[in-house]
Number of protein chains: 2
Amino acid sequence: MRLRETIMQEALLLENQVCFPIYALSRQIIQYYRPMLDALDITYPQYLVMMVLWEHDTQTVNQLGALLKLDSGTLTPLLKRLELKGLIIRKRSKADERVVNISLTPSGRAMEEMACSIPHQMLESMGLSLEEMQQLKQLAEKILDK
Amino acid sequence: MRLRETIMQEALLLENQVCFPIYALSRQIIQYYRPMLDALDITYPQYLVMMVLWEHDTQTVNQLGALLKLDSGTLTPLLKRLELKGLIIRKRSKADERVVNISLTPSGRAMEEMACSIPHQMLESMGLSLEEMQQLKQLAEKILDK
DNA sequence: TAAAATTAAATTGTGTACAATTTAATTTTA
DNA sequence: TAAAATTAAATTGTACACAATTTAATTTTA
């Protein structure tokens, strides 16, 4: 009997994968965001950094990385691009020269008001009920927390 | 009253985002796969292509793109790398010279047996029940199908 | 049927991701 | 306290993603 026809084989069918829909959905969500973020001239990962800073004002590269689960290899060039756009300031800490503090410029702070309608718009374009949304969030977080 | 303190503002908090857990989970899932895929010397997107070919034998670049929701800008270089590894063959169709057919080499076919334990191992490392897994898959697909 | 439109891949350019290494600063410890 | 270990960012190199454009082949249509 060929491997193709065994029960074990079914697990290798794309349509039976749990992970593929998550991977595809993640990319599609970023597409949903694109028109709104294009208007602000930032990318989705850049938007995530801005959200953290709108909430916390100043964060180190490490803190941003811990919250967003991204390393300095990703963040350093991304933050340089945000700095080039005039949205943030990168400044080495006086107290510890290894640390780089990231803070908002007035322009970066001002963007918060332009972004505040995005979450609501996103909920609409995703077309899920609030319960489904909560379920999705909870399941994703349950795996993430392991 | 500062924008920070309004109800609308809550929507911009990272912890209230539905999309961020999906984005973070997608990347974490790929990390779960990494040790198993490292053993096969392929990446997660390459593994997805291989899964399609294990099921369908021959596919055009377009067909792969439709199934995986990736365009030729992503697939062409990825497929060239799989060809370089000796896992697939890229061959222009005689019937329509625009089309490139992708098929498995014996080595690519042989990899199927080495990969057949991966889905089970993944279920274990994700630590969700089968019901939760189904829920997650269904919610993700519901949004994807829009 | 020849020009226009469409289609399939490939190419170009920008921006993540992330492993692995490097650099520089700080902390620990022998 | 000087050497070793640790830590924080940055750097290097590889591999996606994807928008926009290009190239070449095929279809449509005027």
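In what follows, every chain begins at residue 1, and chains take the letters A, B, ... in the order their sequences are listed.
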Report the distance from atom [atom1] of [X] to atom [atom2] of [N], rounded to the nearest whole Å.
X	N	atom1	atom2	value
A:Asp38	D:dC18	CG	C1'	12 Å
A:Ile30	C:dT16	CD1	C1'	9 Å
B:Glu83	D:dA15	CD	C1'	17 Å
A:Leu68	C:dC18	CG	C1'	15 Å
A:Asp41	D:dA19	CG	C1'	14 Å
B:Arg27	C:dC18	CZ	C1'	10 Å
B:Leu37	C:dA17	CG	P	19 Å
B:Leu84	D:dT14	CG	P	13 Å

Residues two or more places apart in sequence or in another chain: which of them pass side-chain contact (heavy atoms from CB on, under 4.5 Å) with B:Glu97?
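Counting only residues at least two positions away or on another chain, B:Glu97 forms a side-chain contact (heavy atoms from CB on, under 4.5 Å) with B:Arg92.
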Distance-only, no hydrogens or angles: does the A:Ser93 side chain make a donor-acceptor pair with backbone N or O of A:Val99 under 3.5 Å?
no
Under 3.5 Å, side chain of A:Gln28 to main-chain N/O of B:Ile143, donor-acceptor pair present?
yes
According to salt bridge (Lys or Arg N to Asp or Glu O under 4.0 Å), does anything in [range] pair up with another residue at least two apart or in another chain? List the pairs.
range	value
residues 123-136 of chain B	A:Lys142-B:Glu132
residues 39-54 of chain B	B:Asp41-B:Lys85
residues 58-69 of chain A	none

Would you mind writing out the side-chain donor-acceptor pairs for residues 12-25 of chain B within the sub-3.5 Å range, not counting sequence neighbours?
| unit_1 | atom_1 | unit_2 | atom_2 | d |
| --- | --- | --- | --- | --- |
| B:Asn16 | ND2 | B:Glu10 | O | 2.8 |
| B:Gln17 | NE2 | B:Ala11 | O | 2.6 |
| B:Gln17 | NE2 | B:Leu13 | O | 3.3 |

I want to check one thing: is the phosphate of D:dA19, taken as OP1 and OP2, less than 4.0 Å away from some side-chain N or O of A:Gln31?
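True: A:Gln31 side-chain N/O within range (under 4.0 Å) of D:dA19 OP1/OP2.
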Nucleotide nearest B:Arg34 when distance is taken to its side chain, options D:dT26, D:dC18, C:dA19
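For B:Arg34, the side-chain atoms sit closest to C:dA19.
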Pairing residues for A:Arg81 by the salt bridge (Lys or Arg N to Asp or Glu O under 4.0 Å) criterion, not counting sequence neighbours:
none
What does the B/S/- profile of nucleotides 7-15 of chain C look like, 5' to 3', with a 4.0 Å heavy-atom cutoff to protein?
BSBBB---S
Using a 3.5 Å limit on both pairing distances, list the dot-bracket string of DNA chain D from the 5' end; Watson-Crick and G-U wobble pairs count, crossing pairs take [ ], interstrand pairs take |.
||||||||||||||||||||||||||||||
Categorize B:Ala95 for me: base, sugar-phosphate, or nothing, with a 4.0 angstrom heavy-atom threshold over every strand shown.
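Sugar-phosphate, no base atom in range.
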Test side-chain hydrogen bond (donor to acceptor under 3.5 Å, both in side chains) applied to A:Glu83 - qualifying residues, sequence neighbours left out
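Listed in chain order: A:Arg90.
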